[in-house]
Amino acid sequence: MEVHRYEKIWIGISLLVIVGWIATVVFGAVGPGIAMVDDSGGQIADPSNPTESDAFRDPGVYQVGENEYEVYVLARQFAFQPGTSEPIRVPANSTVTFYVTSPDVTHGFEVVGTNVNTMVIPGQVAELTVEFDDPGRYGIVCNEYCGSAHHTMEGTIEVVEQDEVNGTEGDT
Amino acid sequence: MSGVVDATETETRTDRDRDESLATGVFLEAYPREAKVVRICFGVALAALGLIGVFGLVQALHRTGFYRGFVSSADYYTVLSAHGVLVAFVFTTFFVAGLFTWAVTLSLDRPLPHPRLTWTWLGMLSLGTVMAVSAVLGGLLDFVPMEADVLFTFYVPLEAHPVFYVGAALVIVGSWLAGASYFLAYREWREDNPGERIPLQTFMVLTTFLMWYLSSVGVAVEVVVFLIPWSLGIVPQVDPLLTRSLFWYFGHPVVYFWLLPAYLLWYTVLPKLAGGRLLSDPLARVVFVLFLLLSTPTGFHHQYLDPGIAEGFKFVAMTNTMFLLLPSLLTAFTVVASMGHGARQRGGSGRLGWLRALPWDDPAFSGLALAGLMFAAGGFSGMVNAGMNLNYLVHNTLWLPGHFHLTVGTATALSAMAIAYWLVPQLTGKRLRFHGLAVVQPYLWFVGMTLMSNAMHRGGLAGLPRRTAEPQYDQVSFEGVVGTVGEMQLQIAVGAVLLFVSLALFLTVIVGTWLGPRGGQLRVNGDIPEPLSGPESAPRVLDNLRLWFAIAVVLVVLAYALPLWDMVADGVFQPGTPPLSP
């Protein structure tokens, strides 16, 4: 089988692009430390009652260390709890781990303008760790179709100055 | 072989164009029954395309906010479901079935065996389509007591009427039987032609269908084992993660099921329309073998952001996906080189000057060429989707529909329209009418899609979600990296209007031709010249379909055995959810 010289060059370039592209992902993982959402958040045996599972706490913000917070979010038709009726408040310069699940259908959890983005699947807990450096306000949208009022499903995250957060907000 | 002429004949092709025997449409005369099958398939596909266009326009005007009077925002999702289901299951399947019936018949130079089998699969595809589509449209019509507002991905636990799932299953099984027709035709041909190389078009059809059998098992299991019993209340709950994983096991290869027909045309028809011939038959075979091997073990790249799946499995899928770029990049080379060859046969010269020598006023040529060009752009945006870490930025944003309107929405759809200009006359024996409209149509599609798709990509980078009736929120604002959201919405709406007009022109030409009188000289002929480098120089192992299929199965087992085991180890229906209405 004869392959033209130009085509050989083209195949060479193509393979370089492919390997290079894979290399960028490897670099993203080991350099800036971009981890994929995976199975670390655990499972919920009875998806309609997440809070009865050991893998999920009552929705809310919990301080778990100096500048470290855990936020448990329920995404449901058609609100984030917390997030929709009251904003998720975390301090600036903190490391926040989100645990997100759904008691009903599949949802999305996208913090607009950032790369914080995950699917929310009933029975699974999505775990995402995020660094919030500066104070500001971020919108959350559900980016997976979840029913007839899907387009109304939104929320907010408020990243506030350190002294504006008063301890644990859990069980709210 | 009627479809292929040898090299000496090719030089007198211009004379043969004027030959009266060709002017009446060879395919129709040689294979009247197959021509009828292809006509029916194309008829359904093009009718579906018309509906897809109407729904697409409604969606574009609704979600950009320019006009929301057609449907309520709740019914938007019914329209969106109809648009997606018609594309994913109806237009594409019927187009593939029709085109492959033509390609197998022509390249084997024999009719399909077992007419009853042919009518059976055509009947199953049609019945499945009627069931699935009426279940979806029931959401808009009060007198139809069914709903299926679940989009074409039908993620559990959103529930559709059981008729929807049964219809989808019938379409899948019908497509399997269509493949059986092609394989049986090949087997008969092989008995008469031992030791010969598989004709190229048939080779492409068979490898595509082997890939399709391997991959569509996923959705068949999802629908038949899980969703039908679940929607009928026989099974109380199913696992959302397992079912969506089965869906995406099929959900990536299915896009190659839609694209490979376009590849078949780019390899075997486009070079001829450009005035030349395919450069290399062996490389075309290599490309299709690579698609058979690599299309399926990639589905997890649609689930990069799914919880419950370990990162390693996602990485394996990403690596396979990246290597799947290779056959597309090889195709890009061959297509451009074959067009260059054709242009030089037509007297073109110079570094870029040869482009002027191409028949840009032949809508079959311009449609296929522009479809290929847009597919290249779609390939690059697909590379971004496939990069695991970049995927965080674009996942479920408007970037995604921007991407697949270049792929299935142009590479497949515009190729289908272009080939209709060439094939419908040969299938009906009628000269193409409204030729002037046909000449303009592919360019209008290209401009409309350029406007709509570039804006969708940029909207995605700004964070605008896909699958949303009203992408505007009280608490959330979107900032474009390039351009403003208002300008993007305008481009999307204007682009969609141009696409709709383009589609209307296309349907006018085809329906006008179809209803028009027979006779007169056709502008096209069905000859396909032999490639410059023929199959005799291709290693024989390329034709060993059993070997390639076996390797494809092994790759699938490697990519899927462990993650699927993880999902079912705790119980096939665990963690499970009951049906919930949208």
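Below, read A as the first sequence line, B as the second, and so on, with proteins coming before strands; counting in each chain starts at 1.
- Side-chain atoms of A:Met119 and B:His395, non-hydrogen and from C-beta on, do get closer than 4.5 Å to each other.
- The greatest number of non-hydrogen atom pairs below 4.5 Å with chain A, out of B:Gly308, B:Gly463, B:Pro465, is found for B:Gly308.
- Aromatic pair A:His4/B:Phe333: centroids not less than 6.0 angstrom apart.
- Between A:Met153 and B:Tyr473, the closest side-chain pair of non-hydrogen atoms is not below 4.5 Å.
- Chain B forms more heavy-atom pairs under 4.5 Å with one residue of A:Gly123, A:Ser148, A:Gly108 than with any other, namely A:Ser148.
- Taking the side chain to side chain contact (heavy atoms under 4.5 Å, CB included) definition, one finds that B:Leu329 meets it with A:Trp10, A:Ser14, B:Leu325, sequence neighbours left out.
- Two residues are said to be in side-chain contact when any heavy atoms from C-beta on lie closer than 4.5 Å; A:Val26 and B:Phe315 meet this criterion.
- Contacts between A:Glu127 and chain B at a heavy-atom distance below 4.5 Å are absent for every atom of the residue.
- Among the candidates A:Asp46, A:Val19, A:Val116, A:Asn115, the residue making the largest number of heavy-atom pairs closer than 4.5 Å to chain B is A:Asn115.
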### Query
Do A:His150 and B:Tyr76 pass the ring-ring contact (aromatic ring centres under 6.0 Å, His included) test, and can you show the C-alpha distance, the side-chain angles, and the key distance before you say yes or no?
CA-CA 11 Å; A:His150 161 57; B:Tyr76 173 91; 9.7 Å; no

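- For the options A:Pro32, A:Gly155, A:Ala35, heavy-atom pairs under 4.5 Å to chain B are most numerous at A:Ala35.
- Using modelled atom types, one side-chain atom of A:Tyr145 and one backbone atom of B:Asp149 make a donor-acceptor pair closer than 3.5 Å.
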